[in-house]
Chemist: 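Questions regarding the structure given below will be posed in turn.
Quick caveat, the model's predicted, so the values are computed rather than measured.
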Amino acid sequence: LAPLQQVLRHERGHMEEEMYLTQQTYEESTHVEFFQRWINEVLPGKLREDVPVPPGNQSAIIAEILPKAMTALVTDQSRAAQLYAVAVYHQVVEGVLAEVGYQVFYDCLDARAILPGLRQGIRNIQTDESRHIAFGTYLARRILTENPELRDRFVAWMKELGAQARASADSLFAAYTPPYPFGLDREKMLAFSDTLCRRRTEAVLSG
C-alpha cells in the first residue's frame, strides 16, 4: 500500500485518503499477525509436527499481478496506474479473492462448529476488509469521475482480473477429485468468484 499512499502525497490535496491508507496498513499488519500466530502456534498441534505445504498453485494475482501493480506506482504516478492498482488490490484481492476465501472457511467450519477462535478471527478480518473495499470503491470512483476516459480500461482490467480470480478459486480444487474435502462445492465457488467480480465492477461504475 505504501506506493499508493506516496502517489497521493505527491499529488497533494488527498490528506484524508492518505490517512485512511495509514489506517489500512495498520489493519493489514494485524491480519498478518493473526494468521502467522495461528500457523505457528495452533496449526502444528501439540507435537509440533511439520505442517505440509498446501497443494495447488499459488495465485498469479498474489504472486505476480499485485506486486507489479503496486511497485509500478514508484515510477508511474499516472491516474491510470493508480486506478489499476486500486482495481487489483481493493476490488479483486480484497473484494473477490479474500471473500471467496472467507466463504471456504465458513463452509468448512461453521456447519461443524469447529475452531471457534479461527472463525471469529476470520469474521473480524472480514469486517476490516469490508471498509477497505468501500474505500477502494470510493477512490476508483473519484479517479474515474476526474478521468472518464479511463472507464473502458477499467472495465477491461476487471474482466482480465476476474478471469485470474476464477483461476485462483479453481486452484483450490486442482489437487483433489470429487467429493472435495469438507464437502466444498467447486462450481459454487467459481460462480461466487464471478459474481463478486461483477459486483465490484458495477459498484465502481455506478458512482
Chemist: Report all side-chain donor-acceptor pairs from residues 152-163 shorter than 3.5 Å, counting only partners two or more places apart or in another chain.
Modeler:
none

Chemist: Do Q82 side-chain atoms and L4 backbone N/O form a donor-acceptor pair below 3.5 Å?
Modeler: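 Answer holds: no.
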Chemist: How far apart are the closest heavy atoms of E11 and Q77, and which atoms are they?
Modeler: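 Minimum heavy-atom contact is OE2-O, 4.3 Å.
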Chemist: Please step through side-chain contact (heavy atoms from CB on, under 4.5 Å) for the pair F135 and L21, ending with a clear verdict.
Modeler: CA-CA 9 Å; F135 170 78; L21 286 173; 3.7 Å; yes
Chemist: Using a 4.5 Å cut-off on heavy atoms from C-beta on, say whether the side chain of T195 contacts that of R199.
Modeler: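 Yes, at least one pair of side-chain atoms sits under 4.5 Å.
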Chemist: Decide if atom CZ of R131 counts as having more than 12 heavy atoms of other residues, nucleotides or ligands within a radius under 6.0 Å.
Modeler: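 Yes - once you tally the heavy atoms of other residues, nucleotides and ligands closer than 6.0 Å, there are more than 12.
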Chemist: Begin from the C-alpha positions of Q91 and T137 and carry the test side-chain contact (heavy atoms from CB on, under 4.5 Å) through to its verdict.
Modeler: CA-CA 7 Å; Q91 302 304 320; T137 300; 3.4 Å; yes
Chemist: Show the numbers, then the answer: is there a side-chain contact (heavy atoms from CB on, under 4.5 Å) between L144 and L205?
Modeler: CA-CA 8 Å; L144 283 177; L205 296 179; 4.1 Å; yes
Chemist: Can you measure from CG (L115) to CH2 (W38) and round to the nearest 0.5 angstrom?
Modeler: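 These two atoms lie 5.5 Å from each other.
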Chemist: Can you tell me how far apart CZ (F35) and CD1 (I125) are? Round to the nearest 0.5 Å.
Modeler: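 If I round to the nearest 0.5 Å, the distance is 4.0 Å.
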Chemist: Only counting residues at least two apart or in another chain, list the ones meeting side chain to side chain donor-acceptor pair (under 3.5 Å) with Y89.
Modeler: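 Side chain to side chain donor-acceptor pair (under 3.5 Å) check on Y89 returns E28.
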Chemist: Give, for atom CD of Q164 and atom CD of E64, the distance between the pair rounded to the nearest 0.5 Å.
Modeler: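 Between Q164 CD and E64 CD, I get 8.0 Å after rounding to 0.5 Å.
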Chemist: What is the distance from atom CZ of R119 to atom CG of D110, rounded to the nearest 0.5 Å?
Modeler: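 CG of D110 is found 5.0 Å from CZ of R119.
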Chemist: Side chains of P3 and T71: does their closest heavy-atom pair fall under 4.5 Å?
Modeler: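 Result no, sub-4.5 Å side-chain heavy-atom pair not found.
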Chemist: How would you list, by chain and number, every residue that makes a side-chain contact (heavy atoms from CB on, under 4.5 Å) with Q6, sequence neighbours excluded?
Modeler: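 Checked Q6 against side-chain contact (heavy atoms from CB on, under 4.5 Å); zero matches.
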Chemist: Sequence neighbours excluded, which residues qualify as side chain to side chain donor-acceptor pair (under 3.5 Å) partners of S168?
Modeler: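 Partners of S168 under the side chain to side chain donor-acceptor pair (under 3.5 Å) test: S59.
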Chemist: What closest approach, in Å, do E99 and E94 show between heavy atoms, and which atom pair accounts for it?
Modeler: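 Looking at all heavy atoms of both residues, the shortest contact is CG-O, 3.8 Å.
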Chemist: Is there a side-chain contact between I133 and R200 in this structure, where contact means two heavy atoms from C-beta onward sitting under 4.5 Å apart?
Modeler: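 Side-chain contact under 4.5 Å: yes.
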Chemist: Give the other cluster members for M19, using side-chain heavy-atom distances under 4.5 Å between Ile, Leu, Val, Met, Phe, Trp and Tyr residues; answer none if it is isolated.
Modeler: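 Besides M19, the cluster holds M15.
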Chemist: Closest approach of V100 and A169, non-hydrogen atoms and distance?
Modeler: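 Nearest pair, atom of V100 first, then A169: CG1-CB, 4.3 Å.
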Chemist: Does the side chain of Y84 come within less than 4.5 Å of L73's, by heavy atoms?
Modeler: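 Answer no - side chains too far apart.
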Chemist: Would you please test Y106 and Q126 for side-chain contact (heavy atoms from CB on, under 4.5 Å) and show each step?
Modeler: CA-CA 12 Å; Y106 300 149; Q126 189 175 22; 2.6 Å; yes
Chemist: Are L150 and R79 close enough that some pair of their side-chain heavy atoms sits under 4.5 Å apart?
Modeler: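 They are in contact (side-chain heavy atoms under 4.5 Å apart), so the answer is yes.
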Chemist: What distance separates F182 CZ from I114 CD1, expressed to the nearest 0.5 Å?
Modeler: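 Rounded to the nearest 0.5 Å, the CZ-CD1 separation comes out at 5.5 Å.
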Chemist: Specify the closest pair of heavy atoms between F34 and G121, including all atoms of both residues, with the distance to one decimal.
Modeler: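 Heavy atoms only, the tightest pair is CZ-CA, 3.5 Å.
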Chemist: If you count every heavy atom of other residues, nucleotides or ligands that lies below 6.0 Å from R12 atom CZ, does the total exceed 12?
Modeler: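 For R12, atom CZ is not crowded (no more than 12 foreign heavy atoms under 6.0 Å).
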Chemist: Can you tell me if R186 uses its side chain to pair, donor with acceptor, with the backbone of P178 under 3.5 Å?
Modeler: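 No; judged by distance alone, with no hydrogens or angles, the pair does not exist.
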Chemist: Is any side-chain heavy atom of Q36 less than 4.5 Å from a side-chain heavy atom of E33?
Modeler: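 A side-chain contact under 4.5 Å is absent here.
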Chemist: Between OH of Y102 and CG of D107, what distance do you get to the nearest 0.5 Å?
Modeler: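 These two atoms lie 15.0 Å from each other.
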Chemist: In this structure, are over 12 heavy atoms from other groups packed under 6.0 Å from R123 atom CZ?
Modeler: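 More than 12 within 6.0 Å, yes.
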Chemist: Might you confirm whether atom CD of E187 has over 12 heavy atoms from other residues, nucleotides or ligands at distances under 6.0 Å?
Modeler: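 Check passes, neighbour count above 12.
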Chemist: For R142, which residues count as a side chain to side chain donor-acceptor pair (under 3.5 Å) partner, sequence neighbours excluded?
Modeler: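 Per chain and number, R142 pairs via side chain to side chain donor-acceptor pair (under 3.5 Å) with E17, E146.
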